[in-house]
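This report refers to the structure that appears directly beneath it.
Every chain is numbered from 1 and lettered A, B, ... according to where its sequence line falls, protein lines coming before strand lines.
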Amino acid sequence: MATLIITEKKKAAEAIAKALGPVKKIKKTKILEIFLVPSKNINVIPLRGHLLEYRNTDVFKSWTNPPPREIITNHKSIKKFQIRGLSPFIKAIKEYAKRCDHCIIGTDADIEGCNIGLFDALPFVKQENPKIKISQLWLSSLQKNEIINKFNNLIVPKYSWGESGEARAIIDAFIGFSATREITNTLRSLLNKFRVRFTSIGRVQTSLLYLIYLREQEILNFVPEPYFLIDADLFHINGVFRAHHELNPFKSDNEVNARQIFHKIRNEKIGKIIDNSKKVIRISPPTPLNTSKALVLLTKNLRISANTAMQIMNSLYLNKIITYPRTDSDVYKSDFNHNEILQKFKLHPQFKYYTINLLKNNRINPTKGKKDMGDHPPITPLESLEVSNSRFENNLQKRVYDLLARHYLALFGDEALESKQLLKILIKEEPFSAQIVSLISPGFLEIAPFLKPKYEEEIQIIGDEIPIKEILFVEKETQPPARYTDTSLLKLMEKNHLGTKSTRPVIIKLLLTRSLTKRVKHHYLITDLGKFIIENLIEVWLPFLKPDFTKRVEEKLEEIKDKKRKLKDVVDEIRKEFLKLFDKFLINKHKLISKIDNYQMEYTIPLTSSNCPYCNKNPMKFINIKNKRFLVCSDENCKKFLSLPKNGKLELLNSVCSICDFNIFKVVLRKNNRSIIYYLCPKCWNSGLKSKSSKGFCNNCNEYQIIKGQCIKKF
DNA sequence: GCAAGGTC
């Protein structure tokens, strides 16, 4: 009786084998190590995630023929293929399948895990050994007792779970491949202008791009509203604090009232304290970190991208410094060995006092989050390392580790105690109040200061009168919503069910690499290309752009999992729905094509760096499209223009003419297979035109000449 | 040249 166990990753294979008996490792290739338990004749093969992926079949390799629409209609357009570089894994599965009479699928206990085990790996097993017995190992952790217990209680394979994953893969493939190709083909000439080879469409990425677009529109359409604040700076024993009028903020329709109040009290020198109360507020320590929460923590505090944060956590995991970083659980199992880790931190030069205190006070139970998803424990440091430790490969690893370690230690800490002091003050009968929040006892904040809000010092007040430093009248405007950061994008995606813990950082980065978004000072903006695509898709593809689409797909996938519906029915239903949208796009395609021809008009019009010579206030637009090229003032009220030569390729240079300070243009003329290059200043050239002489070109200039693109005085 | 989902 030989048994083959297949797992999703090395870590699981090793844990399972070790739980079942003494282990012998066999290094098959550079990337594959197999774990044997000779005493029980068990062979554990670890995979590396999926073995197979959907790709287009040979007939559908071309992006144009057959037309992309057929990827949706022809069921033979996509097929599962082996992912490159993974053949050692398939070879090993086949080899051991022949030798074993029992195959246990031990991939992760989730949908993708079932898909990997039952739909990627199992067919290779059956191909070699059709009669093999098949069961599934359903683990809710990789702890020894759990493994032994579940190994003795194997389950019937959850094929419907795997099917659900299969349906997801098929749907994403036919939508992504067909739409990406159709949109790329349609926008070809525009994409050339943006210097990108293709653009991409996908259920998750395009929905995310749409949400980023919506935020940009919100900002663009935002109408700031003025509002007014009446504040008072008041003296206390050690300094000054600010109190606010209780009617703040005054909206613009109440401006007169606000100004009257201000005028009434502006010269007051004394306020009367009518209330001075204090409340103690208990702040609980944070809860353990799952992947999403860790990414939020890291991107927020280190200002790194989500993708970088994930990569750093992964490298720390591979170096055995932290636990597995892809987890949905933020609750520890009751028997998780925290003591072992805390003992290590007892020796840490910076964390030891805090840790010793924890142990002394028997604070050895961490806080609990919302759910134990039964996959992996929350993200936890496994080692106590100083910054100088050579196991860190770079500075970022140190900083990520520091945050994760401190956060972990904070889970055991005492509550922090805040004091909320509320002061009520009358200034000539006008009610003011001030709230001063100060820290009384740091508790867990001592180890995790990055979780601290801003605190002020408590205010000592003697008597019931308070001297006024100044009464202020502040005019402000409401602000538009902020652009997304990595932190807020992650939250946005989670809220809208877009992507998974592993793919969210990848998809944020993908939009950047496809030139659909750009990251400016940690904020994400949509590019002109992204904007063009979304604005045009909104008209025909709104149901696909909205995150609602993913949500509906998810609901249907859930029905496959719960055996309420069949894979084929769900896939065909989505196929039909998407085909309708696709046809709508094809019908409207001609409109889009005509928009592309006029694109420069509406969007990326280069501007001169020098101002319009007529109004001298605004730059000029360099219009350079089919049959039309000229310069026109960008100011609607001026709108004066300068003509440009009809022939040759024009290039707007940054340098300026020494005579009139206007930008110089380079002209490249092709004649008899040779390039002739000359320069002109449009202002000089136009005045040359008016005087009907040909002196407008720079080479006719008496005083200056163009050397390396610069206008320089002749000797 | 394409998706999104695993994992390294």
**Asked** Base, sugar-phosphate, or nothing for D120(A), non-hydrogen atoms under 4.0 angstrom?
**Response** nothing
**Message:** Using a 4.0 Å heavy-atom cut-off, does G113(A) contact any base of the nucleic acid, only the sugar-phosphate backbone, or nothing at all?
**Reply:** nothing
**Asked** Are there more than 12 heavy atoms of other residues, nucleotides or ligands under 6.0 Å from atom NZ of K27(A)?
**Response** yes
**Message:** Ring centres within less than 5.5 Å and planes less than 30° apart: is that true of Y54(A) and dA3(B) in this structure?
**Reply:** no
**Message:** So for atom NZ, which belongs to K509(A), do other residues, nucleotides or ligands contribute more than 12 heavy atoms lying within a distance under 6.0 Å?
**Reply:** no
**Request:** Give one of base, sugar-phosphate or nothing for E53(A), where a contact means two heavy atoms less than 4.0 Å apart.
**Result:** base
**Request:** Please list residues of residues 165-189 of chain A whose heavy atoms come under 4.0 Å from any atom in DNA chain B, ordered by number; otherwise none.
**Result:** R168(A), A169(A), D172(A), A173(A), G176(A), F177(A), T180(A), R181(A), T184(A), R188(A)
**Prompt:** If you measure only the distance, is there a donor-acceptor pair under 3.5 Å linking the side chains of T291(A) and R326(A)?
**Reply:** no
**Prompt:** Under 6.0 Å between the ring centres of Y484(A) and Y524(A)?
**Reply:** no
**Asked** If you look at every strand shown and take non-hydrogen atoms under 4.0 Å, does R203(A) touch a base, only sugar-phosphate, or nothing?
**Response** sugar-phosphate
**Request:** Give I83(A) one of three labels, base, sugar-phosphate or nothing, depending on what nucleic acid heavy atoms sit under 4.0 Å from its own.
**Result:** base
**Message:** Does T500(A) reach a base, just sugar-phosphate, or nothing at all? Heavy atoms under 4.0 Å.
**Reply:** sugar-phosphate
**Fill in**
Residues passing the side-chain contact (heavy atoms from CB on, under 4.5 Å) test with N290(A), sequence neighbours excluded, are S292(A), K293(A), D330(A)
**Message:** Does D108(A) reach a base, just sugar-phosphate, or nothing at all? Heavy atoms under 4.0 Å.
**Reply:** sugar-phosphate
**Prompt:** Is the distance between the ring centroids of W541(A) and Y210(A) under 6.0 Å?
**Reply:** no
**Asked** Reckon F60(A) touches a base, only the sugar-phosphate, or nothing at all at heavy-atom distances under 4.0 Å?
**Response** nothing
